[in-house]
Amino acid sequence: MAIEFRVLKESTDCSARIGELKTPHGVIETPVFMPVGTKATVKTMTPEEVRDLGAQIILSNTYHLYLRPGHKLIEEAGGLHKFMNWHKPILTDSGGFQVFSLSDLRKITEDGVEFRSHIDGSTHFLSPEKSIEIQNSLGADIIMCFDECVPYPAEYEYVKKSMERTTRWAKRCKDYHQNWDRQALFGIIQGGMYKDLREKSVKDILDIGFPGYAIGGLSVGEPIDIMCDMLDFTAPMLPKDKPRYLMGVGSPDYLFEAVIRGIDMADCVLPTRIARNGTVMTSQGKLTIRNAKYKNDFSSLDPECDCYTCTNYTRAYIRHLFNVNEILGARLATIHNLYFLIKLMENIREAIKEDRLMEYREEFYKKYGYI
RNA sequence: GUGGAUAUGGCCUAGUUGGUUAAGGCGCCAGAUUGUGGCUCUGGAGAUCAUGGGUUCGAAUCCCAUUAUCCACC
């Protein structure tokens, strides 16, 4: 088996746990936040910089790499790790999300999805088998089943049919996957915001059996209370000795609430995307660096942060970079935001260790301005 | 000095057979962003239409004068 997961400690007052996830490219301490590097790069960062920020694993994407530069080319390069010079663990998403979110013209059948490239309009076909074949070529430590992520809100009947098809596709993914010793294939729970469908999905995906389980179809625009409610219901049904991955979550509050409910892994484009658009997360809350009030502010982005950006640059300078559209602005903000979330997860792990996660959350929320 | 052209928010422009709250871009101000099509997207403020008269029910638009700028010629 490619991965080995061990729970090291469980919280006494919530479902949070600390764990250790061994992969072919190193050990990951959980709970972990995974930066996203869709097209084989965490935008604006070199892999060395991402590593030095403390990132333990990054995400990349099947759909995008299949279209460009092509999975065969990456295989020829020696796999994704070697191609992009990132030698820590990688997780690739199956491409399911992109097929459903990017493509206008798509046709879903039992066999798979016919879609048109967002780049040149060419027609392609992605199936469970094709997605696994691509992910095998890419060579990530953890790969994902090809699923359908339904939007929110969605009709019960549609979600039900979609969830059942995702389950059948999961079986096909498992049957097709070959190198289990080098790549762990995770199953994905669907079922939208309907508890009975979530329950059925968990049961069927567990029956198929995977070394790890993801909860998909959340953080798709529903209120945070609903996500929490779905997690409260879904997470406890997953086996304790397997990693649990909540897909697409990345704001501090969502991360806290997910970890408290037993989530071990999460990924999100949020920190890197908002960084490029001039928003940074700080211990005192969100800050839009373009705002005029920072024009003469020569303090750092976050007085409590010791990242590269905060130890070397001022708000006034970074604001200037954004106002004149200089690339360095996006880089400095990205460095800070990634460090902020990586540090946050480190603090969360420490808090779990010391059995004070709920207190830490309270303290963080007050300062950040959530409460 | 003579002749001609132009004058619209901070900047660049649209807008004439005269007709309701003068349009757009840039800039400015603010917001959004959650398994990444994103230097993206959404919203907001800001103009007595150079100035003064006149014609008209009604003028950025027509007429006169003034001022400024540009061009050509002496």
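The structure displayed is predicted, hence computed values, not measured ones. Lettering follows sequence order; numbering is per chain, from 1.
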**Asked** Base, sugar-phosphate alone, or nothing: which one does A/Gln190 contact when heavy atoms must sit under 4.0 Å apart?
**Response** base

**Message:** Within the supplied structure, the quantity of interest is the number of heavy atoms (other residues, nucleotides, ligands) at a distance under 6.0 Å from A/Glu155 CD; does it exceed 12?
**Reply:** no

**Asked** Checking side-chain contact (heavy atoms from CB on, under 4.5 Å) for the pair A/Ile274/A/Met281: CA distance, chi angles, key distance, verdict?
**Response** CA-CA 9 Å; A/Ile274 66 175; A/Met281 298 183 263; 4.2 Å; yes

**B/S/- contact track for nucleotides 26-31 of chain B, protein heavy atom under 4.0 Å** = ---SSB

**Request:** Could you pick out which residue, A/Leu59 or A/Asn325, lies toward the 5' side of RNA chain B when each is mapped onto its nearest nucleotide?
**Result:** A/Leu59

**Complete:** Dot-bracket for RNA chain B, 5' to 3', Watson-Crick and G-U pairs with both distances under 3.5 Å, [ ] for crossing pairs, | for partner on another strand, reads ((((((((.[[[[.)...(...]]]].(((((.......))))).....[[[[[..)....]]]]]))))))).

Could you pull out the protein-nucleic contacts involving nucleotides 42-44 of chain B (nitrogen or oxygen on both sides, under 3.5 Å)?
none

**Request:** Determine whether any donor atom in the side chain of A/Thr279 lies under 3.5 Å from an acceptor atom in the base of B/U33, or the reverse, and answer yes or no.
**Result:** yes

**Item:** ring-ring contact (aromatic ring centres under 6.0 Å, His included) contacts touching residues 265-290 of chain A (sequence neighbours left out)
**Value:** none

**Prompt:** In residues 26-55 of chain A, what residues come within less than 4.0 Å of RNA chain B, judged by heavy atoms?
**Reply:** A/Val36, A/Thr38, A/Lys39, A/Lys43

**Item:** Passing candidate, salt bridge (Lys or Arg N to Asp or Glu O under 4.0 Å) with A/Glu110, options A/Lys161, A/Arg168, A/Arg165
**Value:** A/Arg168

**Asked** Between A/Asn61 and B/U36, is there a side-chain N or O to OP1/OP2 distance below 4.0 Å?
**Response** yes

**Complete:** So the ring-ring contact (aromatic ring centres under 6.0 Å, His included) pairs with at least one residue in residues 256-296 of chain A (sequence neighbours excluded) are A/Phe256-A/Tyr360, A/Phe256-A/Phe364, A/Phe256-A/Tyr365

**Request:** Inspect the contact between A/Asp207 and A/Lys203 and indicate whether a charged nitrogen and a carboxylate oxygen are less than 4.0 angstrom apart.
**Result:** yes

